[in-house]
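From a predicted model like this one, the values you see are computed outputs, not experimental measurements. Numbering of ligands and ligand atoms starts at 1, following listing order. Residue numbers run from 1 in the order of the sequence given.
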Amino acid sequence: MPDHEPQADDNGGVATATDTLTVTDNRTGETYEVPITDGTVRAMDFRQMKASEDDFGLMTYDPAFTNTASCRSAITYIDGEAGVLEHRGIPIEQLCERSSYLEVAYLLVHGELPTQEALDYWIYAITHHTYVHENLKKSMEGFRYDAHPMAMLLSTVGALSSFYPAARRIEDPTERYMAIVRLIAKMPTLAAFSYRHNLGLPYVYPDNDLWYTGNFLSMLYRINEPKYEPDPRLQRALDVLWILHADHEQNCSTSAVRSVGSSQVDPYSAVSAGVAALYGPLHGGANEAVLRMLERIERVENIPDFLQGVKDRKEKLMGFGHRVYQNYDPRARIIKKHVDEVLEVMGIDSPKVEIAVELEKRALDDEYFTDRKLYPNVDFYSGLIYEAMSIPPGMFTVMFAIPRTAGWLAQWKEMLEDEETRIARPRQVYVGPRTVDYVPVGER
Ligand code: ACO
């Protein structure tokens, strides 16, 4: 066979005979040839490398998965060095400019843009599944008045599993589709109920005449007017924000959804794992932390001291840095453009915006940050927009979870349809003691 003849590999990629890695195990002097496909080597190919007959074989060690691809995916492409983000190949800038959140959700889940007819049907289906069972509403009423909205969302999304037991039939495409529609439809309802719960206001039922984001604003803000009329500019700003948050490949919460979903649990339970992961301050909680940081800085004059505190490692510059982007997060650039617009609609002059803009400028002029490739991420400006919309900081992560649901579900569906999927089960390097004798409690 000529050296460069392409060969199909086991998992659909194409490797050529020269796309291999030659590894010499210096413990034994043995040499192995490992195929390289799509710029990766298979961790299992290292298992054959053994120091002795009874050796388990070599494993790869990668805590926090910094250099391990856990799946093959055709949903979202990121080039972190260049600051590029594409969904199904379409640049995020074009989607924000020309599409809508529900169309992007369709694109993520189905893999292509819908025809007009398919889009109409999709919007109709989602709009007509926004109501939740009254018992779920009642169970929400049982939360403390000051319960964190993300904690309420996390448990009520999980509770949906008990209302739709048929969703456990994950092998049935109709059940999968219904669960996807229901989750995308009900997420804003549960989120808005949690907001109203904190305020002690009656929950507002969905209004099926309104657009997805307009309906959400209605469920947040409607008091006793017969019909809530959302400001089209706010409705659109929210649409753009939700497009930006719809998916971001294998981040912490998406990995959680895939990992939990790989046990073949129902999608409501898998998505609740995603909500839980997103709750953490290093992930979806960062925009709330950004606002608190801006509040602490208080005035533009305090920025140098704050940045010194970051360099002395007493502080963290929240909303900066990203595992994948070693460049300006393209989402941050788009959000920044909408901050002023939302402030104008709301008639607000926010001193925090001035602090944020100056903080960004100074950090980007400082070698400490540029050397570490620390640039603003999506969360640096999103909290400012939400605050301008009178959404309290506790709700920010919830505002992230709503749109990310489409991404979680697209990834969950892709995982189920992938023939390579098996239950996620990492290995470990055991470093504890062995064969220690049990000592009865009285003798310790
Ligand atoms: N402020 C100050 N220093 C930072 C920051 C920051 N925000 N982020 C990273 N660094 C420094 C680290 O101290 C480290 O410096 P060192 O090499 O001198 O020790 C270097 O930059 C590399 O950072 P890591 O922690 O190794 O980067 P990692 O990829 O593990 O973390 C993360 C990424 C969690 C996002 C981190 O940058 C961070 O905590 N940022 C603030 C929180 C935040 O904004 N999260 C939102 C992320 S976007 C999202 O989830 C939607």
Look only at the side chain of [X] and the backbone of [Y], and say whether a donor-acceptor pair between them is shorter than 3.5 Å.
X: His110; Y: Glu112; value: no
X: Ser139; Y: Leu136; value: yes
X: Arg88; Y: Ala74; value: yes

Between [X] and [Y], do the side chains contain an N or O donor and an N or O acceptor separated by less than 3.5 Å?
X: Asn198; Y: Ser194; value: no
X: Gln250; Y: Gln411; value: yes
X: Asn287; Y: Ser382; value: yes

Taking the ring of His133 and the ring of Tyr164, is the distance between their centroids below 6.0 Å?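 No - the distance between ring centres of Tyr164 and His133 does not fall below the 6.0 Å cut-off.
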Which residue supplies the protein heavy atom nearest to [atom], what is that atom called, and how far is it?
atom: atom 39 (O) of ligand 1; answer: Lys316 NZ, 2.6 Å
atom: atom 47 (C) of ligand 1; answer: Asn377 ND2, 3.6 Å
atom: atom 35 (C) of ligand 1; answer: Gly321 O, 3.7 Å
atom: atom 48 (S) of ligand 1; answer: His322 CD2, 3.5 Å
atom: atom 9 (C) of ligand 1; answer: Leu374 CD2, 3.4 Å
atom: atom 15 (O) of ligand 1; answer: Arg372 NE, 3.3 Å

Would you mind checking if [Y] and [X] are paired as a salt bridge, meaning a charged N to carboxylate O distance below 4.0 Å?
X: Asp365; Y: Arg362; value: no
X: Glu175; Y: Arg168; value: no
X: Arg176; Y: Glu417; value: yes
X: Arg72; Y: Glu414; value: no

Yes or no, since that's all I need: does a protein heavy atom fall within a distance strictly under 4.0 Å of [atom]?
atom: atom 27 (O) of ligand 1; answer: no
atom: atom 24 (P) of ligand 1; answer: no
atom: atom 31 (O) of ligand 1; answer: no
atom: atom 2 (C) of ligand 1; answer: yes
atom: atom 43 (C) of ligand 1; answer: yes

Short list, please: which atoms of ligand 1 are under 4.0 Å from a heavy atom of [X]?
X: Leu317; answer: 1 (N), 2 (C), 6 (C), 7 (N)
X: Val378; answer: 51 (C)
X: Ala286; answer: 43 (C), 44 (O), 45 (N), 46 (C)
X: Val310; answer: 2 (C)
X: Arg323; answer: 28 (P), 29 (O), 30 (O), 33 (C)

Looking only at distances, please establish whether an N/O atom of ligand 1 is found under 3.5 Å from an N/O atom of [X].
X: Arg313; value: yes
X: Tyr368; value: no
X: Gly319; value: yes
X: Asp379; value: no
X: Phe320; value: yes

Q) Any non-hydrogen atom of Glu315 lying under 4.0 Å from ligand 1? A)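 The answer is no: ligand 1 sits nowhere under 4.0 Å from a heavy atom of Glu315.
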- Query: Do any heavy atoms of Phe400 fall under 4.0 Å from ligand 1?
  - Reply: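 In this structure, Phe400 qualifies as a contact of ligand 1 - some heavy atom is under 4.0 Å.
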query = Going from OH on Tyr386 to OG1 on Thr397, what distance comes out if it is rounded to the nearest 0.5 angstrom?
reply =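 Between Tyr386 OH and Thr397 OG1, I get 10.0 Å after rounding to 0.5 Å.
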Output for pair (His148 NE2, Met395 CE), nearest 0.5 Å, gives 10.0 Å
**Study point:** Over 12 foreign heavy atoms within 6.0 Å of CG, Asn67
**Key:** no
